[in-house]
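Structure first, commentary second.
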Amino acid sequence: MAAAACVELAPNPVYVALVIGVAALAVSVHARPGPYARAFPLLVGIGVLFALVRTLLTVATTHANTDILFTTPHFGLPRLLGGFTVGGAVSWPILLHSLAEGFAIVGVMAVFGAFNAVVSHSELVQSTPRAFYEIGLVVVVALAFVPSTLSAIQDVRDADRARTGGRVVRRGRLLRQLVPVLELGLERAVTLSESMDARGFARVGAGPRDRIAGWCGIVSLLALGGAFVALVGHADLAASVLGLGGAIGLGFAITLASSGTQRTRYRPRRMTAVDWACACATLFAPAALAIVSVVGDSSLVWSASPVAWPALHVAPVLALLPLLVPVGLRTWSTS
Amino acid sequence: MSALSFRGVGFAYPSTASGKTTHPALAEVSFDVEPGEVMLVVGASGSGKSTLLRTANGLVPHTSGGRFGGDVIAFGRSTRSHHPRELADVVGFVAQDPEAQTVVDHVERDLAFVLENLGYSQEAMRRRVEEMLDALGIAHLRDRDPSTLSGGERQRCAIAGALAAAPSALVLDEPTSQLDPQGADDVLGALTRLNADLGTTVLLAEHRLERAAPLADRAVLVEGGRVGPVASPAELLAGYAGAPSVTRLGRLLGWDPPPLTVRDARNYALRAPLDLPEPTASDAATPGDAVLHARGVGVTVGGHRALHDVDLDLRAGDVIALFGRNGSGKTTLLRALAGLQSPTTGSVTRVRDARAAYVPQNPNTMLFANTVRHELEETLKLLGQFGSGRDHGEVEHWLHTLHLDALADRHPRSLSGGERQRVAIAAVAVGGAPVLLLDEPTRGMDAPSRTALEHAVREHAANGGSVVLATHDVELAARCATHAVVLGDGEVVADGDARTVLAGSLFAPQVLRVLPPFLTVEEVATELQRR
């Protein structure tokens, strides 16, 4: 979260590149064995793809009259679809600005990828309040389908090639590969749900406490939503009351649901001193960047108009250094 | 009170399209499993074994839907009124595919999953998890992600996960089907220990009966969804086509009762020694021209050395059995031969561009057509051979060869694991590739299907093709392999003619261990006829 916040606070491509570098370093040191290790390159790849598509759409629909790079054929969309022009002059500032924004997306995806490659999801669930266990487990199980589906895609592609003795036949390949992948995923989902059922998952139905906690949670969330609306409408008092009431109600609901559950937890994961040290140190990075931003450092955000190299200042780089703490702690513990 | 009581159980799965039910998968099933006994369930592929096992804890009908009749009582609780989760404390269930049963990505926590759901205290959970880790011999795997384990390790983890709550009964669907001989021994040894020490009732379905049959107290045969009378394993297997080799040998030689173990068979052989001449050489065709060479093949995957300096020659007429424990590099070698895996070092050369078609371990990765027949036709279409006039004959030939005629119009996904395996093999073989690479082809197959596969393999080799079988099934290799190669940690540790390699193995075929140098019951029968 701290690293993602840093990307948001300092979207200058140079600083984003530094955050991506730290994420890659953390993955190289901490990556868990198993399929999740591939989460980092996969999510970075998805981020790059998304950034490129976004850039393509931006330069095709946003135009400037200066620093023209080249001109493409253009046409106007019907008014019903917005009436803007697609194609035409492609300018350097629009292209570079869009690429920089896309790079920030890659940065966020890299951080998310590093999180998935490094953190044990099941351990994370063990750290959450009991009330979130069921929903947390469902999310963990759903996440587990990503690597298994990737593996299934590779197996199915190989099987398709193997069937013809290596001869690649593109006609109908999508159907030949899509059907087995979907069916494998479905069968795996069914087997897993049966395994969970056979091992007593959700064995105890919702009791009166759970029902009270559920209603309390819903009302609290509505109150928090109302607080947000009131805040937008500048009704400060109503926003404060609803926000406070919602927060207290939500806390009460979580406590009630956690104490009411008959499910126990095996070795719940508690925050250790090292965990706290890591968390506090890394949170210092966005906090420092926020201070640098308030002080007025101009390098945090890069502008492509006029076209110039992104700036690199010492203060933001120093602010990003705490993100390296988890890597350093691991190095220390293994040496 | 019986541990598990099946009373007039009938069941039909819902059809996918109309919601109507299909042909009954079970009909009038009635028998009891007594507390503390090991009950073996045998039967052909698709006979209803898995469905029967799934009724024991209510997975059928609660998660399957369909029409259910009769009742199953598990330790006094009816599965009609109790969901599987409500029976988790008395019935543990282990499905065929251990990988898909893992809920948590950490072995130790996955073991505790059922205990958490049952509300055990932390102290009780810690103690029970440690006991299970020791009982199944997986303490060294406690911090591993199950997806990084070998098949045998995963299977033992799955059993531990089902057993953690100390259920009174354990239901296992072909627990050794994916395991190497040592892994199978480990799993069945663990089951024996649990049964003997804790009195756990075991209901077990198996095709590989060499190891499972001696453990059972009683057995039932499932045929067409109907269950025959409960009998001792020796009685039941005496007339069963899929009986272990030593049992079939006993039948041939008139040993009564037929033995279930090598030890029993050896005692018979010692009491009444047979005076048989050496087995005559196989009449298999002499291997012909080379079709594929592998020279110094090494493969590194993710920094791990999967293969190292492997040399292999495939000639027309060869049937090569590829052995090795789980994770020894068999699949990697097949993939390298098929061109699916680029060697890091060395090379694979195909003589005259001979095609090498590969059937993966999991047939589900390649089945996508609406019917079995279409699945075979699709291969011919992909190769541009459909509509050539001989296509119909080829499809019919392979349907017939692998006993798929009756299933030709069924949807491949509606078939059992063993039947799907045969469909996948037929769908690849119909393309006419000279080299067939089969990865664990007998997984989940019943005896008639294995026999059909053996005939198909021998026929392909006799017609000038060559076949490589990556398998744990030494009996299959004994019956149809001309050569055997043993891999260990990615290296070839033995390579030679099948008889020589098998004779020198600790996991040699049963008949060889009783009447050396005979490898199969068929060889003994041939010599008896000659005499």
Chain A shares the most heavy-atom pairs under 4.5 Å, among B:Val103, B:Asn362, B:Leu437, B:Thr63, with B:Val103

Minimal heavy-atom distance between B:Ala88 and A:Gly200, with the atoms involved, is CB-N, 3.6 Å

Interatomic distance, CG@A:Asp158 vs OH@B:Tyr358, rounded to 0.5 Å, equals 8.0 Å

Of the listed A:Leu182, A:Leu184, A:Asp155, the one with the largest count of heavy-atom pairs under 4.5 Å with chain B is A:Leu184

Answer key: most heavy-atom pairs under 4.5 Å with chain A among B:Val94, B:Leu436, B:Leu87, B:Val129 is B:Val129

Counting heavy-atom pairs under 4.5 angstrom with chain A, the leader among B:Gly431, B:Ala356, B:Ala433 is B:Ala356

| Sidechain-backbone polar pair: A:Ser195 side chain, B:Gln101 backbone, donor-acceptor under 3.5 Å | yes

Heavy-atom nearest pair, B:Thr365 first then A:Val156, reads O-CG2, 3.5 Å

Most heavy-atom pairs under 4.5 Å with chain A, out of B:Asn57, B:Val428, B:Leu383, B:Leu115, belong to B:Leu383

CD (A:Gln154) and CG (B:Leu340) are apart, to the nearest 0.5 Å, by 9.0 Å

Note: vs chain A, highest number of non-hydrogen pairs under 4.5 angstrom among B:His83, B:Arg54, B:Glu108, B:Arg126 is B:Arg126

**Prompt:** Using 4.0 Å as the upper bound for N to carboxylate O, is an ion pair formed by A:Arg163 and B:Glu378?
**Reply:** no

If one checks every heavy atom of B:Thr102 against chain A at 4.5 Å, the contacting part turns out to be backbone

| Would you say the side chain of A:Glu183 lies within less than 4.5 Å of the side chain of B:Asn364, judging by non-hydrogen atoms? | no

Max heavy-atom pairs within cutoff under 4.5 Å with chain B, candidates A:Asp160, A:Val179, A:Val181, A:Leu192, goes to A:Leu192

Applying a strict 4.5 Å limit to non-hydrogen atoms, the region of B:Glu123 in contact with chain A is neither

- [ ] Considering only NZ, NE, NH1 and NH2 on the basic side and carboxylate oxygens on the acidic side, decide whether A:Arg199 and B:Asp110 come within less than 4.0 Å.
- [x] yes

Find out whether A:Met196 and B:Pro84 are in side-chain contact, i.e. whether some heavy atom of one side chain is under 4.5 Å from a heavy atom of the other.
no

Looking only at B:Met366, B:Arg413, B:Arg355, the option with the highest number of non-hydrogen pairs under 4.5 Å against chain A is B:Arg413

